[in-house]
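Predicted model, so just to flag it, every value in this text is computed and none were measured.
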Amino acid sequence: METQGGITVQQALELPALRGGLPEVVAGADRLNSTVRWVHAGEVPNIASLLKGGELLLTTGVALGTRPAEQRAFVHRLAERGIAALVVELGPRFTRLPASIVEAARTAGLPLIQLHREVPFVSVTEEVHTEIVNGHYALLQQAEEVYRQCTRALLEGGGIPQVLRILADFTANPVFLEAADGRLLYAAGTGTGPAAADPLQVWEGLRGQRSAREAGPPSGSVLVDVPGGGHGAGAVRARLVMPAVSGPLLPVHRMAAERAAGVLAVVLMQARQEEELAARGRGDFLTDLAEGRITAEDAPAQARVLGFRPGDGPLLPVVMRLAPELSPSGNWALLARAVLEELASVGVPVLLGVRPVEGRVPLLLGLRSESERTAVADRVAGALRAGLERAGMSGPARAGIHPPVVVVGVPGGWAAASAGLRHAAETATAAQGLPDRPWYDARRLDIDLLLWRLRDHPDLAAFVDRAVGPLLEHDRTSRPPLLPTLQTFLAHAGRKAETARELHLNRQTLYNRLARISELLGTDLDDPQTVLALSLALRARRHTQ
């Protein structure tokens with residue numbers, strides 16, 4: 001009753017009013033789980049025409065007729081109307097139900113109950129109706145709780161993906177948000193059960209073909225329109241589709257979906273939210289692939305659902321990470337659209353997603369051969385930066401803001417794409433603060449990645465302090481600062497002439513500064529081991545400040 005919002009025939013028989021009548025089930029004992037929608041009492045021969053189905057009909061049998069043919073016809077008409085059960089009170093009309101009535105009920109599959117004691121029908125009606133109303137109220141409470149969870153998720157900074165996941169968990173079935181034209185915008189799976197494995201594959205099997213979408217949702221599914229605030233073609237902005245994959249969908253699930261649809265409508269009415277949602281869905285796929293939640297065997301089919309068909313060549317993982325001050329403040333749709341339009345000129349298949357929480361833009365590109373890697377990386381990096389500028393997130397107006405970091409991973413097949421995306425994402429984080437370049441090769445930043453992974457270990461901070469601590473202390477109190485001189489000297493691998501040119505110093509001034517650095521650190525800057533230790537310390541310092 002808690003999930004169906006009604007009361008079964010069996011539950012009605014257990015209520016005090018009917019239990020006091022000593023009920024005996026004489027037919028349809030296997031149908032006592034039928035839902036009672038309402039209770040009706042009547043004694044007229046044509047009562048079936050007054051019913052809508054789902055009623056528990058109470059009678060003393062006056063209208064059943066005296067001839068077996070009349071009695072059978074009466075029972076069959078009730079069964080055809082789809083009532084829940086027929087309850088006959090024994091008394092002056094019948095001391096025992098005739099065999100014709102019992103056999104007709106058994107043939108029709110209609111639950112038939114005879115009461116051996118007189119009961120007030122009004123008491124039965126009151127008790128059953130109270131239970132039905134209470135059941136519907138319980139359903140409303142459940143649906144309202146889902147609505148509150150959805151609203152709270154949005155107020156706490158979540159978005160449509162969080163709302164859909166709440167619905168998926170509540171229904172224990174996958175939930176899909178489709179555009180009005182049937183395109184998949186987002187797929188949310190449950191945390192457990194068969195529907196958790198792969199919502200994208202579920203959608204592809206049930207809704208991927210246009211013919212399947214035009215035929216309507218599969219049997220047992222729930223489809224709820226998300227209003228668009230307009231008329232005609234604009235009346236529907238999107239649709240919630242909930243197929244019954246791991247379990248049946250109940251009335252309370254539709255009620256919850258209808259309430260959630262109102263929340264989704266408000267969010268979608270913001271400009272271009274559908275584009276952002278689709279980009280976030282692709283970002284979720286790429287992240288799940290990177291973190292091993294999608295296998296190499298399943299990945300190609302899911303990627304096809306998202307429109308990525310790379311062919312048989314290697315896949316190239318790329319990740320762009322934005323500095324915190326570059327965050328588009330919710331307008332990820334504008335960024336995704338601008339970048340995708342720029343990437344259209346690259347000439348290779350591209351799957352681009354966004355990850356707003358991490359400030360990342362992951363991509364997967366389809367190459368014809370590994371020899372294309374450098375040329376494609378140059379074009380992709382240029383397209384990413386051009387897209388950022390079109391979105392108003394870089395360029396002269398944003399001078400002084402840290403530029404984005406673009407990391408290009410190692411090409412390979414689907415089996416390698418998982419590790420490649422994860423490596424590129426971590427490297428993009430580790431590379432923040434390095435001198436700006438169009439793009440970084442993930443393979444050349446393994447030392448920075450290792451130091452970044454050790455960033456919280458106290459030994460790393462202690463190593464930095466031992467190596468360059470006295471120099472940092474000098475620069476806090478004295479001028480000119482000497483750290484830039486050491487950084488430039490190490491960047492030029494100890495070549496003093498190049499260091500002096502870049503710093504615009506004469507050689508004697510540079511020699512004096514290097515001598516002072518050696519004195520402060522107690523080291524010999526001509527010693528290769530010293531140079532290595534200082535280079536590592538300055539790299540590690542970016543992660544320990």
Side-chain angles (χ1 to χ4, degrees), residues 1-139 251:
M1 185 172 64
E2 289 78 8
T3 55
Q4 293 285 6
I7 180 172
T8 66
V9 175
Q10 180 64 54
Q11 290 169 328
L13 295 177
E14 294 169 357
L15 294 175
L18 280 176
R19 192 172 65 245
L22 301 179
E24 177 189 358
V25 179
V26 294
D30 59 334
R31 303 288 184 90
L32 298 184
N33 63 342
S34 299
T35 300
V36 176
R37 186 185 60 81
W38 208 240
V39 180
H40 193 82
E43 305 291 351
V44 294
N46 65 337
I47 195 169
S49 63
L50 306 177
L51 305 178
K52 296 181 178 180
E55 293 90 352
L56 184 73
L57 179 60
L58 307 175
T59 180
T60 60
V62 172
L64 283 168
T66 57
R67 294 182 298 175
E70 293 175 335
Q71 296 167 350
R72 285 191 290 269
F74 184 88
V75 171
H76 282 299
R77 285 195 297 270
L78 293 177
E80 289 172 355
R81 297 300 277 186
I83 72 168
L86 173 61
V87 179
V88 182
E89 182 183 84
L90 302 179
R93 180 67 180 87
F94 296 116
T95 57
R96 187 81 182 173
L97 285 178
S100 58
I101 296 175
V102 176
E103 288 302 322
R106 287 175 180 167
T107 301
L110 175 67
L112 177 63
I113 298 100
Q114 59 184 9
L115 301 178
H116 291 274
R117 286 183 182 172
E118 181 180 341
V119 298
F121 284 176
V122 65
S123 298
V124 175
T125 301
E126 288 178 350
E127 286 187 358
V128 174
H129 287 179
T130 297
E131 291 296 313
I132 292 172
V133 171
N134 288 343
H136 280 291
Y137 180 68
L139 288 191

Hey, could you give me the [atom1]/[atom2] distance between [X] and [Y], rounded to the nearest 0.5 Å?
{"X": "His40", "Y": "Leu57", "atom1": "NE2", "atom2": "CG", "result": "7.0 Å"}
{"X": "Leu15", "Y": "Glu126", "atom1": "CG", "atom2": "CD", "result": "12.5 Å"}
{"X": "Glu118", "Y": "Leu22", "atom1": "CD", "atom2": "CG", "result": "12.5 Å"}
{"X": "Thr66", "Y": "Arg93", "atom1": "OG1", "atom2": "CZ", "result": "6.5 Å"}
{"X": "Thr130", "Y": "Ile7", "atom1": "OG1", "atom2": "CD1", "result": "9.5 Å"}
{"X": "Arg77", "Y": "Ile83", "atom1": "CZ", "atom2": "CD1", "result": "12.0 Å"}

Thr60-Glu89 side chain donor-acceptor pair, cut-off 3.5 Å:
no

Only one of Val87, Leu86, Leu18, Leu97 passes side chain to side chain contact (heavy atoms under 4.5 Å, CB included) with Ile113, and that residue is Val87

Exercise: identify the closest heavy-atom pair between [X] and [Y]:
{"X": "Thr95", "Y": "Leu90", "result": "O-CD1, 3.4 Å"}
{"X": "Ala85", "Y": "Leu110", "result": "CA-CD1, 4.3 Å"}
{"X": "Gly42", "Y": "Thr59", "result": "O-OG1, 3.3 Å"}
{"X": "Ala84", "Y": "Thr35", "result": "CB-O, 3.6 Å"}
{"X": "Thr8", "Y": "Leu32", "result": "CB-O, 3.7 Å"}
{"X": "Phe94", "Y": "Gly61", "result": "CE1-O, 3.6 Å"}

Just by distance, do the side chain of [X] and the backbone of [Y] share a donor-acceptor pair under 3.5 Å?
{"X": "His76", "Y": "Ala108", "result": "no"}
{"X": "Glu55", "Y": "Gly53", "result": "yes"}
{"X": "Arg106", "Y": "Val26", "result": "yes"}
{"X": "Arg81", "Y": "Ala48", "result": "yes"}
{"X": "Glu103", "Y": "Ala99", "result": "no"}
{"X": "Glu127", "Y": "Ala17", "result": "yes"}

Answer whether the closest heavy-atom distance between the side chains of [X] and [Y] falls below 4.5 Å.
{"X": "Val39", "Y": "His129", "result": "yes"}
{"X": "Arg72", "Y": "Thr107", "result": "no"}
{"X": "His116", "Y": "Arg96", "result": "yes"}
{"X": "Phe74", "Y": "Ile47", "result": "yes"}

### Message
Show, in sequence, the C-alpha distance, side-chain angles and deciding distance for Val102 and Leu112, and conclude whether the side-chain contact (heavy atoms from CB on, under 4.5 Å) test is met.
### Response
CA-CA 7 Å; Val102 176; Leu112 177 63; 4.1 Å; yes

